[in-house]
There are 2 protein chains.
Amino acid sequence: MSAATDASVDLLGEARRIAEGVDQLFEEALANRCDGRDRLCAAMRHAGIGGGKRLRPLMTVAAAQLFGIDEYRALRAGAAIEAIHVYSLIHDDLPCMDDDDLRRGKPTVHKAFDEATAVLAGDCFHALAFELLADERTHEDPFVRSDLVVELAKASGIDGMGGGQAMDLAAEGQELDLNAITRLQQLKTGALIEYAVEAAVIMGRVMPDGRARYRGYARNVGLAFQIADDLLDHEGDEQAAGKRLQKDAEAGKATFVSLLGVERARAQAQMLVDQAIEHLHGHGEEADLLRAIARYAVERDR
Amino acid sequence: MSAATDASVDLLGEARRIAEGVDQLFEEALANRCDGRDRLCAAMRHAGIGGGKRLRPLMTVAAAQLFGIDEYRALRAGAAIEAIHVYSLIHDDLPCMDDDDLRRGKPTVHKAFDEATAVLAGDCFHALAFELLADERTHEDPFVRSDLVVELAKASGIDGMGGGQAMDLAAEGQELDLNAITRLQQLKTGALIEYAVEAAVIMGRVMPDGRARYRGYARNVGLAFQIADDLLDHEGDEQAAGKRLQKDAEAGKATFVSLLGVERARAQAQMLVDQAIEHLHGHGEEADLLRAIARYAVERDR
């Protein structure tokens, strides 16, 4: 599909490097406060440090390579996005939501600590995201910082992730079709993945008429990731995933796999990856990491 | 204490006008989405519209009068702060936190809807705060907008309200002294009240060396409000308050009243109000609304 090669990209090495950078930023933000907040700090470190694929920060840093953005700045924006992702996982796992005991191979926050601490830890990660993002170390231009904040708030709020979660709650017992599932997933998980690329586009001051292709890339990768998640959920093993699987099937919720079947779902995900890579045409090796991420979306085993 | 008079200030009228402005901004943000998010929108309107004293937006608009800030802009910043306050109330009322059935005279969100929707409604108010704040309609200068965002994130996160909540959880079964209670309340409720004034100071581009007095005003008013809350909690009636009272006493938690007794607590609150007003010396009638708010802190009956 693409003429460019990414044989030279060490995806896992890059992912590990970015994950360490995110851990470092979270460590700095979550140094223990010895005054009654130690349990909250410990809960936030439990949830936020040393786990997860760090897909979103990786995408931000990878997209930043297209526009010559300083990597530390991109990493800070990526860490802000990961902070939103971590908060959403903590709240999703609560007994009143998905009621999960296991996350990233560890007990969920409300299991390792307690429910009240889990609610607060999620809330404080939510605030931390905006504190990281609006800081001048993330970008020297305050116009850019304000844009980053507004767009992240939209991607995480009622017209993004939060709204998608609400649709997901409302979907229980409903028979959703492919369009409805696609729309739900675009809000619930797609909006934040799109924002991970959009953040670099904003930081790179890409003109509005040049932004559509990057949005297309991110949308396709986000959807491919979700379909691959459904496939892994259908076939995968919980040990490798580090979380409970087949919850949607048990709850009678439609997934891409239940609607399309395994083979068509797999083909659809591959087509989305090919399209994502096609959106990067004209870019040379500076886009190789983004291409590798797109391929990884469907080739991973967890 | 103060030479200025505020006989001309119609505090209740101003408060009503600001409350209507906040309701209007929330109405615009929470127009129904007819696609599975209607329950979330309804829960957010239930929690956010048509209730509460709107103390924080009132303080922002009142402080904005000192610096000639456009009232609509101040109102938007105030609504952002109120969005943080509303999210914190929704989450505080959850069964795993304070487990309250009544708030502002209505059933709490998890009672009127369900727990999962309450968690999401709080999360979406949290995001809405930053969306309102970082918008160019709140301030034309992006430096100011970025500052507003960073300071709000600090005031609501682990070093502000969220951290204070964690201290409050940790305080159960502990014997806190007056210093510890004061510190806890400064984070839990004080930080956001301080920010309500700080937002106007930031928007007014007050030089750093001129900011201390406004911070002093806000800190004193915040603490006076909390002591008055403890007094109302001790003596008041639940019907007027619109929420359950004497929870701290039942949980064996220290309050300003349990530590100081009624008379000394009342005297302390009055002294804080006098000091708050003293911080406004040199200002003329443009500070009358702030003076009236300070007096109201201890004169209110709910």
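Sequence lines set the chain letters: A, B, ... in the order given, protein chains first and strands last, and positions in each chain run from 1. Given the structure is predicted, the values throughout are model-derived calculations rather than measurements.
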Peer 1: Heavy-atom cut-off 4.5 Å, strictly under: side chain, backbone, both or neither for B:Met161 against chain A?
Peer 2: neither
Peer 1: Hey, which of A:Gly162, A:Cys41, A:Ser146, A:Ala29 has the most heavy atom pairs under 4.5 Å with chain B?
Peer 2: A:Ser146
Peer 1: Name the residue from B:Thr108, B:Asp93, B:Asp98 that meets the side chain to side chain donor-acceptor pair (under 3.5 Å) definition with B:Arg103.
Peer 2: B:Asp93
Peer 1: Looking at chain A, which one of B:Arg33, B:Met167, B:Arg37 has the largest number of heavy-atom pairs inside 4.5 Å, strictly under?
Peer 2: B:Arg37
Peer 1: Considering only heavy atoms, which portion of B:Leu94 lies under 4.5 Å from any heavy atom of chain A: side chain, backbone, both, or neither?
Peer 2: side chain
Peer 1: Measure the CZ-OG1 distance between A:Arg76 and A:Thr60 for me, rounded to the nearest 0.5 Å.
Peer 2: 13.5 Å
Peer 1: Charged N to carboxylate O below 4.0 Å: is that the case for B:Arg215 and B:Glu198?
Peer 2: yes
Peer 1: Select all residues of residues 83-92 of chain A having any heavy atom within less than 4.5 Å of some heavy atom of chain B, and report them by number, or 'none'.
Peer 2: A:Tyr87, A:His91
Peer 1: Which bit of B:Asp35 is near chain A, if near means a heavy-atom gap under 4.5 Å: side chain, backbone, both or neither?
Peer 2: both
Peer 1: So if I take each residue of residues 168-178 of chain A and look for any heavy atom under 4.5 Å from a heavy atom in chain B, which residues do I end up with?
Peer 2: A:Leu169, A:Ala170
Peer 1: Would the number of heavy atoms belonging to other residues, nucleotides or ligands and lying under 6.0 Å from CZ of A:Phe143 be above 12?
Peer 2: no
Peer 1: Walk me through whether B:Arg211 and B:Ile202 qualify under side-chain contact (heavy atoms from CB on, under 4.5 Å).
Peer 2: CA-CA 9 Å; B:Arg211 293 184 177 191; B:Ile202 293 170; 4.2 Å; yes
Peer 1: Is B:Asp147 close to chain A through its backbone or its side chain, or both, or neither, when contacts mean heavy atoms under 4.5 Å?
Peer 2: neither
Peer 1: Report the option among B:Pro95, B:Pro142, B:Gly36 that has the most heavy-atom pairs separated by less than 4.5 Å from atoms of chain A.
Peer 2: B:Pro142
Peer 1: Compare every heavy atom of B:Leu102 with every heavy atom of B:Pro107, then report the nearest pair and how far apart it is.
Peer 2: N-CD1, 4.3 Å
Peer 1: Heavy-atom distance under 4.5 Å to chain A: side chain of B:Arg39, backbone, both or neither?
Peer 2: neither
Peer 1: Looking at CD1 of A:Ile193 and CZ of A:Arg219, how far apart are the two atoms once the value is rounded to the nearest 0.5 Å?
Peer 2: 12.5 Å
Peer 1: Okay, side chain of A:Asp230, backbone of A:Phe256: is any donor-acceptor separation there less than 3.5 Å?
Peer 2: yes
Peer 1: Quick one: closest heavy-atom pair of B:Ala191 and B:Gly160, and the distance?
Peer 2: CB-CA, 4.0 Å
Peer 1: Given B:Arg56, which of B:Ile81, B:Val197, B:Val22 fulfils the side-chain contact (heavy atoms from CB on, under 4.5 Å) condition?
Peer 2: B:Ile81
Peer 1: For chain B, which residues from residues 115-139 of chain A lie under 4.5 Å away (heavy-atom distances)?
Peer 2: A:Glu115, A:Ala116, A:Thr117, A:Val119, A:Leu120, A:Asp123, A:Cys124, A:His126, A:Ala127, A:Phe130, A:Glu131, A:Ala134, A:Asp135
Peer 1: Any idea which heavy atoms bring A:Gly51 and A:Arg104 closest together, and the distance?
Peer 2: O-NH1, 3.6 Å
Peer 1: B:Met203 and B:Ala77: which non-hydrogen atoms are nearest, and at how many Å?
Peer 2: SD-CB, 3.9 Å
Peer 1: Which one of A:Asp38, A:Val149, A:Asp159 has the most heavy-atom pairs closer than 4.5 Å to chain B?
Peer 2: A:Asp159
Peer 1: Can you measure from CZ (A:Phe67) to CZ (A:Arg205) and round to the nearest 0.5 angstrom?
Peer 2: 12.5 Å
Peer 1: Tell me whether the count of non-hydrogen atoms from other residues, nucleotides or ligands lying under 6.0 Å of NZ in B:Lys111 goes above 12.
Peer 2: no
Peer 1: Quick check on the structure: residues of residues 179-189 of chain A within a heavy-atom distance below 4.5 Å of chain B, by number.
Peer 2: A:Arg183, A:Leu187
Peer 1: I'd like to verify something: which residue of A:Leu40, A:Leu152, A:Asp114, A:Leu148 has the highest number of heavy-atom pairs under 4.5 Å with chain B?
Peer 2: A:Leu40
